[in-house]
Amino acid sequence: MKLWEKYFTPASVDEATALLVQFAGGARIVAGGTDLLVEAKASEHEPFQALIDITRIPEMTSIRADDAYVYIGGGVTHTEIVKSPLVLAHAICLAESCGVIGGPQVRNVATLGGNVAHALPAGDGTTSLVALDAEAEVIFQGTRSWMPLAALFRGPGVSLLNPTRDLLIGFRFHKLGAGAGTAFERIMRPQGVALPVLSCAVWVSLDGAAFGEVRACIAPNGPVPTRLTPVEKLLAGQPVSEDVIASACALARETVTVRTSKYRATSEYRVEMADVLLRRTLHQACARAGLAVPA
Amino acid sequence: MTRLSLTINGKPVEFDADESRTLAHFLRYDLGLTGTKIGCEEAECGICTVLVDGTPVDSCVYPAFKAAGREITTIEGLANGHLHPLQAHFIKHGAVQCGFCTPGLIMTSCALLNENPAPTKDEIKHALKDTFCRCTGYSSVTNAIQSAAAEMRGDAPVPVNEPSVDEPMDVVSRSVEPQEVREKVTGAAKFTDDYVFDGMAFARTLRSPYPHAKILSIDTAKARAFPGVLSVMTHADVPGENLHGLVYRDWPVLCDTVVRYVGDAVAILAAETQEIADAALKLIEVRYEPLPVVADPKYAHSPDAPVLHPNHPTGNLLKHIKVRHGDIEAGFAEADVVVEHEYRTPTTEHAFLEPECAIGIPAGYQDYDKLTVFVGSQIPYQDRDQIAKAMNLGQEDVRVIGTLIGGGFGGKEDIAGQIHVAMLASALKRPVKMLYTRQESLIFHPKRHATIIRIKTGAKRDGRLTAIEAELYGDGGAYASLSDKVMTRATTHATGPYVVPNAKIDCYAMYTNNTPSGAFRGFGVTQSAFAVEQNMDMVAQALDMDPIELRRINAQRVGVTTATGQLLRESVGLLETIDDVQRDMRAHHADEGFKWGWTTGTKAYGWGLACAYKNTGLGGGAPDKSEAEVEAFEDGTFEVRTAAADMGQGIAHVVAQMAAEELHVPYERVKVLLCDTDLTPNGGPTTASRQTYVTGNAARLAAGALRQAMSQTAAEMVDHAPETVRYEEGLMRFDDVRLDYGSVAQWMKQHGVQPRAKYEYWAPKTAPLGTGGDMHVAFSYATQAALVEVDLETGEVHVLKVVSSTDIGRAINPLMLQGQIEGGIVMALGNCLTESFILEEGVPWSRFLGRYKMPSIKHAPEIISHLVEHRAADGPYGAKGVGEIPSINTTPAICNAITNATGVRIYAIPVDQDALLRAMKKGERAVTTAWHDVR
Ligand SMILES: Cc1cc2nc3c(=O)[nH]c(=O)nc-3n(C[C@H](O)[C@H](O)[C@H](O)COP(=O)(O)OP(=O)(O)OC[C@H]3O[C@@H](n4cnc5c(N)ncnc54)[C@H](O)[C@@H]3O)c2cc1C
Ligand code: FES
Ligand code: FES
């Protein structure tokens, strides 16, 4: 079954956008194709007039850092993220989340940009980017700008960006300061589709033996990826202890809006997993930040 | 067309290609590099893996033009002059069965070894996570990779994990190399889709989107008018009888008035290219009137259900199968404890990695003097018969040539595209290929029966079973396929491998509008064992008795009678298999003493044990015969010919070994030709674990007859008494005179005698169910124990270890036999933990491979397997069947282990970690729902 007609590999962002304009909605951005092509085949989509492959655009395929930020191009593959010393140093949660996507063959071509642009409520790379409070650089309706990651999500599978017209160029997030740590973990089931039953990413910055700022994302939790604001607030300023973590988990159980989804999980199970994952990731992040949670 | 420049296997390639090509299609269909296989085109199975600049990618979703300027390595590029160490060690460790996954596994491993010269088992699991093999169970694969890595580092290779056997002979009971294995590891082996014929057209099938509907009209005009379309055919174009079917002929070649399941074939077309065929298929207009759907076997049995096959005398009841033995009421009256429970098993899918493919060649094309069909089928002669009937031809006017088969497991017994390509090729006078997509394969072919099994077991205080009463419902789906036989096996094996003096078992095989059900490794016994073996553990618990002790007390042994009235005269190795497994379980706890279950931190652990038996051969009164022919050539080699299918299980090397043994020649001198209805005599269906026994005997006896004839001739040639012949080093010897077989063959030919012998072997007669005689020629026995880990916080279940012991009569090829056992165990682990083919009111939800998970290398447990060899007197060298037995008791062993770990019993599979966790949290003792019930 034919899925596309023409295939372009532009060498620059300008070239890519020019092609999008030229095809006026008939061309589609593709990166690894592991979502796009698999879904197009499953839905017996009419062939795209053209695919515009962004994985040969240097500024979209590099990982770099300046004094404040780590930058990851939208066309960087999960394998590159997992192996990147910069990511391992500043956002190990992201390496953990990208490292569980598919198998090596998928990770070798699939990109972080594709994961975010697909706008699933629980894309694994996305979950960690939310906890990292990342921003995205986009070309939206012809204008290039940075925006908060959250602004990209409009609903399950619905992105602000139109992949026949707009472009997700890359991401940035703050470097990890001293006394800070991150972690990601997810629960899968061995049956059915390769989407997490529930996943959780946290970013923790310690203030001595207490939680300073905390950011957490549990997904899927509602139609778009969101932060667990009440839990973050509860933790801030509290001593790092089993009791405090337990109360955070108890609050998470109450505040998550996890529903039963067919052949994935019951809401009851997901509530349990919200508790388990939040506890596990907080422990891990604190340990990475340099403080083992006292028993 | 656009110029594509890249490097393939070190050579620059410039090719004018279609920009819409995937890399897999470009390699296979444009460049003819067919070593790269396609299994799903969903980025799920990984068998299409090639290296791009050294990095493994799924070539099925990789656009060819994305590879522009890159360096591609395929399986064809690995061996340069000699085999790559991975290729050599895959052969050595028995990691190749059907071989369809092999190129993908080797390429993925190759990338791993380039990065990591000494991978651990966990690193191998990580790297191969999404590269699937349905045959081997992965242990041999892991060993092969570590062994190759060692050799590449200059270290000593990993020793081959070969099981020990009794009394190895010259060739039999030796781990010889399987036939065509070198072709399989180099990508040269040809499966059906790898054949190319001049002028070949490409076909597709239009399938019903409704589970049950009346066909109001079919309009093919638009499709016919589409440029490049060569022919569109419907039921009106079927030349002969518009029906096929292996037991009952109830399945339309192309539906005329009604469709009975999603996937029923309505029209076929052929076009100049695959892409045109794909596009034109959407232009065939069919108007349907949906009819009420029968989606459940119990509803099918109710008077309100619409009758799906009006001509079937018992309505939707395809067959009522009964076992009556002793006096059931007296049996339960005698019992001190009675345990009764209901169990559910889902529909499951074979997921052989090669989707179905058939190629039709018209009579008169090149040298083909008759209508010929190339197909990887388990039953070539029955294919021929069914094609002939539908084509209105005599059987002799049709030839079926069996190609290599990329896995079957029972799923390639029914007709797929064989008749359709015959019709199109005959009409077009051109070769026509019909390759199913994975998604089409999933909805089309018969599955494992979903069952509902209620079983009541009674026992005395001393442990002796007194009675078993059972009721089974089997969802046969839309057409009969092998339902009758499969559900009969589920019924007759519903006592388990035990002595049960009183039994009353009723099975209702029902027609529904679900995907048809048919043969699947384990053949119904997989389902009944799930129920029987858990009831056994509960009886033991009620008696406060060790579950192993209970099984020992009741185990079948020589001299007892089965519930179908068969006196077991020989070859019942069940007790020894129990001994083996118990010994290993104890050894695992050498330090602290054996225990069934324990908890450490947030993890619970448990052992579970289950026994099984499985008949060898068709049995039940069905005449079971096979023919084989052995020919000697002037160069001293031999050929064994028989139409028995090798789908990776290895009948090819089995018959070659037996022939070599009988002829007293080295194995390397015997080649095998399988499955050509013009050249090979009928080996019968490859089903019911029968080929080693039945076709093995035919080959053995044919080879024996040939040796006799040749010795006779040789004696004449040298003027010695024939009985003085001795066989030494592949030669015949009379005193000091030595003769090689080649010159004897030459002499025979010169004297007008063909140096060949054919043997028609009839298995001992069996008796139909209900007559009280011997239903089967032999049974294989097995015991398995599983060690599981359950995460008490998440409900996740991991099988850490499986210990197995199997009585197979004799191991003809110990290493490959072990591969059957390991593969069967992992397949059964999938049955327990991962697999369910979900239908919603008759509509398959599991219509993508991405929605049907089979076990990956990550799930593969450590497997320890022992062989018990209680010779079967009539089996060749004492062998009996092995194909199915390993995939029967793993599921109940795992479920018993989960109970021993957590206290929760599993009544429905696949095990739902969600329900298990909820049950544990609430202190409930039973899970009666499965994964597919999460809604
Ligand atoms: C076997 C398998 C397992 C998987 N497992 C997981 C998993 O565990 N977790 C998970 O989260 N996902 C999983 N996925 C989904 C998928 O691989 C990931 O979401 C991946 O990150 C998608 O990236 P891609 O580059 O392949 O995207 P593509 O398929 O190329 O693109 C996805 C979408 O984004 C658009 N797009 C891509 N790049 C850009 C861009 N730069 N700007 C604008 N639009 C863009 C495309 O047009 C398309 O709409 C799995 C997929 C497969 C096949
Ligand atoms: S992953 Fe490519 S064919 Fe299955
Ligand atoms: S040998 Fe791996 S799928 Fe058959």
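Proteins get letters first, then strands, A, B, ... in listed order; numbering begins at 1 in each.
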Open item on the list: Please check this pair: side chain of A:Gln105 against backbone of B:Pro56, looking for a donor-acceptor N/O pair closer than 3.5 Å.
Closed with: no
Task: Contacting region of B:Arg21 [heavy-atom separation from chain A under 4.5 Å] - done: backbone
Open item on the list: If you count heavy-atom pairs within less than 4.5 Å of chain B, which of A:Ser261, A:Pro190, A:Gly103 leads?
Closed with: A:Pro190
Task: Region of B:Lys858 in contact with chain A, defined by heavy-atom distances below 4.5 Å - done: neither
TODO: Please state whether the side chain, the backbone, both or neither of B:Ile838 comes within less than 4.5 Å of a heavy atom of chain A.
DONE: side chain
Open item on the list: Report which part of A:Val193 has an atom under 4.5 Å of a heavy atom belonging to chain B: side chain, backbone, both, or neither.
Closed with: both
Task: Sorted by number, residues from residues 49-63 of chain A in contact with chain B (heavy atoms, under 4.5 Å) - done: A:Asp53, A:Thr55, A:Arg56
Open item on the list: Need one label for B:Leu917: side chain, backbone, both or neither, based on atoms under 4.5 Å from any heavy atom in chain A.
Closed with: side chain
Task: Any residue meeting side-chain contact (heavy atoms from CB on, under 4.5 Å) with B:Glu796, in chain and number order, not counting sequence neighbours - done: A:Ile187, B:Asp791, B:Thr794, B:His798, B:Gln913
Open item on the list: With a 4.5 angstrom heavy-atom cut-off, is it the side chain or the backbone of B:Asp130 that approaches chain A, or both, or neither?
Closed with: both
Open item on the list: I'd like to know whether A:Thr9 forms a side-chain contact (heavy atoms from CB on, under 4.5 Å) with B:Phe65, so could you lay out the CA-CA distance, the side-chain angles of the two residues, the decisive distance to 0.1 Å, and finally the verdict.
Closed with: CA-CA 8 Å; A:Thr9 43; B:Phe65 279 77; over 6 Å; no
TODO: Name the option with the most non-hydrogen atom pairs under 4.5 Å to chain A; the candidates are B:Ala68, B:Ala279, B:Gly46, B:Ser846.
DONE: B:Ala68
TODO: Sort B:Gln439 into side chain, backbone, both or neither according to what part of it lies under 4.5 angstrom from a heavy atom of chain A.
DONE: side chain
Open item on the list: Between B:Asp912 and A:Arg189, does any side-chain N to carboxylate O distance fall below 4.0 Å?
Closed with: yes
TODO: For A:Thr257, enumerate each residue passing the side-chain contact (heavy atoms from CB on, under 4.5 Å) test, keeping only those at least two apart in sequence or located in another chain.
DONE: A:Asn221
Task: Heavy-atom proximity to chain B below 4.5 Å, by part of A:Lys41 - done: side chain
Task: Which atoms of B:His126 approach chain A - backbone, side chain, both or neither, heavy atom under 4.5 Å - done: both
Open item on the list: Can you tell me which portion of B:Ser836 sits under 4.5 Å from chain A's heavy atoms? Options are side chain, backbone, both or neither.
Closed with: neither
- [ ] Decide, yes or no, whether a salt bridge links B:Lys922 with A:Glu268 under the criterion of side-chain N to carboxylate O below 4.0 Å.
- [x] yes
- [ ] Against chain A, label B:Glu41 side chain, backbone, both or neither, depending on which of its atoms sit under 4.5 Å from a heavy atom there.
- [x] both
Task: Main-chain N/O of B:Val911 paired with A:Gln191 side-chain donor or acceptor, under 3.5 Å - done: yes
Open item on the list: With a 4.5 angstrom heavy-atom cut-off, is it the side chain or the backbone of B:Asp933 that approaches chain A, or both, or neither?
Closed with: neither
Open item on the list: Checking A:Tyr263 against B:Arg935 for the side-chain contact (heavy atoms from CB on, under 4.5 Å) test, could you report, in this order, the C-alpha distance in whole Å, the side-chain angles of both residues, the deciding distance, and whether it holds?
Closed with: CA-CA 6 Å; A:Tyr263 312 139; B:Arg935 273 178 259 218; 4.3 Å; yes
- [ ] Let me know if B:Arg918 has heavy atoms under 4.5 Å from chain A in its side chain, its backbone, both or neither.
- [x] side chain
Open item on the list: If you apply the rule side-chain contact (heavy atoms from CB on, under 4.5 Å), what do you find for B:Lys66 with A:Val30, and how did you get there?
Closed with: CA-CA 11 Å; B:Lys66 189 181 177 76; A:Val30 69; over 6 Å; no
Task: Side-chain donor or acceptor of B:Lys129 paired with backbone N/O of A:Gly102 under 3.5 Å - done: yes
TODO: Could you pull out all residues at least two apart from B:Phe226 that satisfy ring-ring contact (aromatic ring centres under 6.0 Å, His included)?
DONE: none
